[in-house]
Amino acid sequence: MSTHITIQNIGQYVGQTVTLKGWLYASTRKGKLFFGRLRDGSGMTQIVAFQPEVGDETFEELKRLGQESSLIVTGEVRENPKAPGIPAGYEVGVQSVQVLQHVEEYPITPKEHGVEFLMDNRHHWLRSNRQWAILRVRATIKRAIMDFLDGQGFINMDTPIITPSAAEGTSNLFALNYFDETAYLAQTGQLYNEANIMAFGKVYCFGPTFRAEKSKTRRHLTEFWMVEPEIAFFDLDDLMALEEQFVSYIVQTVLRERKAELELLERDTTALEKVSGSFPRISYDEAIALLKELQEKESDPERKAELAIEWGDDFGSPHETVLTQQFEKPVFVYGYPSAVKAFYMEPWPGRPEVCKSVDLLAPEGYGEIIGGSERMSDPDLLLEAIHKHELPPEHYQWYIELRQYGSVPHSGFGLGLERTVAWICGLAHIRETAPFPRMLKRMRP
Ligand code: 4AD
Ligand code: MG
């Protein structure tokens with residue numbers, strides 16, 4: 001009996017006979033030699049069989065194995081500096097093989113496939129190296145998020161997914177029948193966290209959120225994960241300082257723990273390595289001035305038209321892209337016009353048309369990954385804002401009450417998990433950042 005090991009630990013077993021359980025990713029033959037690449041979920045390694053050693057019957061069986069055949073291989077682990085794999089540099093000299101299933105025509109072959117075909121076959125596509133690497137980075141980001149916040153004394157609270165009212169605008173709600181009433185899938189857990197902080201001081205929720213985004217973009221999913229820290233006695237400056245530490249911790253954790261995956265994704269990590277310390281901070285007013293300057297200089301008429309902007313407009317993705325290209329690190333833009341932001345944001349002292357909001361835009365053209373703000377702490381102002389946004393006040397009674405029993409300045413933010421994965425992995429499109437992404441034209445498989 002040899003021990004069953006996982007490929008990620010193969011380096012500890014050099015010279016020993018082990019058993020690997022996995023799937024055949026690829027194979028080739030050279031005369032009496034068979035070379036396969038076996039993946040087991042934790043990694044991938046080379047398996048080598050020599051006909052005179054394994055015997056004709058086993059050799060013939062290996063030769064017939066198609067891509068993704070499932071097998072149990074026993075053999076000796078050897079070092080081989082030339083052997084590809086994750087980790088690279090090892091191979092297993094096959095002694096025996098048990099085939100669980102022969103596969104003949106696996107739909108995803110090494111040739112190029114169109115993206116729609118791959119998305120239709122997402123249940124298989126997950127097995128490919130690239131997808132495997134991205135989703136392992138995603139898992140590490142999730143753990144880094146929780147480690148950081150738990151380490152800072154935040155309490156993890158679960159906010160409801162079925163909600164009676166809107167928090168982030170009424171145009172992208174998913175409605176459902178809740179017995180005799182209409183309910184909505186949560187766009188955010190924030191409003192509930194504002195109640196939670198009055199009991200726990202600092203909290204976060206981390207789970208799926210839903211928005212019926214009707215446009216097809218590279219940045220929008222209809223179901224995405226958001227982590228939302230909320231903190232009592234916290235202002236906008238405190239919030240930016242926390243976001244800097246938080247985002248730096250996430251990026252540095254991935255660089256340390258997911259080096260092989262980033263290499264596999266051919267991610268140039270030069271820019272990511274700079275994500276530490278403090279990030280540049282510019283006001284919305286400054287951002288508008290900078291954008292106008294950049295638009296002025298733009299020579300391509302189409303790009304020039306795209307970049308047109310006036311004070312009061314929200315940024316589109318062309319604006320965010322070009323803005324972030326001016327900075328090496330993520331950049332904070334604070335003090336947006338209240339009219340383009342949610343109803344609950346604290347007005348800027350002396351400038352009621354501006355609010356104490358801050359977005360964090362990721363570099364290399366990635367754009368907004370965090371939205372946050374200081375929250376309105378005055379109940380009368382809040383009621384006024386609810387009316388202004390044409391929201392039904394009766395749904396927000398409980399939320400207004402939070403400002404009547406020990407109201408305190410408080411702030412919070414939401415970081416989108418998938419946009420963060422796309423940025424850190426260097427992906428052109430958000431669809432690869434979730435195992436089974438949901439988008440305007442995609443809810444299958
Ligand atoms: O800026 P947003 O809408 O902020 C909120 O929802 C606040 N309630 C958060 C808070 O203060 N607690 O969304 C926050 C982040 C965005 O910066 C983006 O990263 C992500 O959520 N996000 C999306 N990600 C993918 N697809 C979508 N459709 C997204 N909408 C927002
Ligand atoms: Mg936002």
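Just so you know, ligand 1 is whichever comes first in the structure, and atom 1 is the first atom listed for that ligand. This is a predicted model, so every value here is computed, not measured.
F224 and F210 have their aromatic ring centers separated by at least 6.0 angstrom. In summary, the aromatic rings of F148 and Y249 are positioned with their centroids under 6.0 Å apart.
For E244, the side-chain hydrogen bond (donor to acceptor under 3.5 Å, both in side chains) partners two or more places apart in sequence, or in a different chain, are R281.
When non-hydrogen atoms are compared, ligand 1 lies under 4.0 Å from the side chain of R375 (C-beta onward) but not from its backbone. Within the 4.0 Å heavy-atom criterion, neither part of D359 lies near ligand 1.
Take the Mg ion (ligand 2) and draw a sphere of radius 2.8 Å; the protein N/O/S atoms inside it number 1.
Among the atoms of S373, none of the N or O lies under 3.5 angstrom from an N or O of ligand 1. In terms of polar-atom proximity, defined here as any N/O pair under 3.5 Å, G372 makes no such contact with ligand 1. Considering backbone and side-chain N/O atoms, Q187 never comes within less than 3.5 Å of an N/O atom of ligand 1. Polar contact with ligand 1: present for L221 (N/O pair, distance under 3.5 Å). At least one N or O atom of I369 sits closer than 3.5 Å to an N or O atom of ligand 1. Checked by distance only, ligand 1 and H220 stay at 3.5 Å or farther apart across all their nitrogen or oxygen atoms.
Side-chain atoms of T270 and D268 include a donor-acceptor pair closer than 3.5 Å. Looking only at atom types and distance, the side chain of R375 has a donor-acceptor partner in the side chain of S373 under 3.5 Å away. When only modelled atom types and interatomic distance are considered, E228 and N193 share no side-chain donor-acceptor pair under 3.5 Å. E194 and H410 share a side-chain donor-acceptor pair at under 3.5 Å. Side-chain atoms of T140 and R258 include a donor-acceptor pair closer than 3.5 Å. No hydrogens or angles considered: a donor-acceptor pair under 3.5 Å links the side chains of Y204 and D150. With hydrogens and angles left out, the side-chain atoms of Q131 and E432 include a donor and acceptor closer than 3.5 Å.
Counting the atoms of ligand 1 from 1 in the order shown, those under 4.0 Å from a heavy atom of Y344 are 7 (C), 8 (N).
Protein heavy atom in closest approach to atom 6 (O) of ligand 1: R211 NH2, 2.7 Å. Remark: minimum distance from atom 22 (N) of ligand 1 to any protein heavy atom is reached at F224 CE1, 3.4 Å. For atom 18 (C) of ligand 1, the closest non-hydrogen atom on the protein side is R419 NH1, 3.6 Å. Protein heavy atom nearest atom 1 (O) of ligand 1, with residue, atom name and distance: E368 OE2, 3.0 Å.
Taking the ring axis of F279 as reference, the NZ or CZ atom of K329 does not stay both within 45° of it and closer than 6.0 Å to the ring centre.
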Query raised in the report: When you look at K142 and D147, which way does the salt bridge (Lys or Arg N to Asp or Glu O under 4.0 Å) test go after all the steps?
Result: CA-CA 9 Å; K142 284 178 72 180; D147 284 349; over 6 Å; no
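At least one heavy atom of R219 sits under 4.0 Å from some atom of ligand 1.
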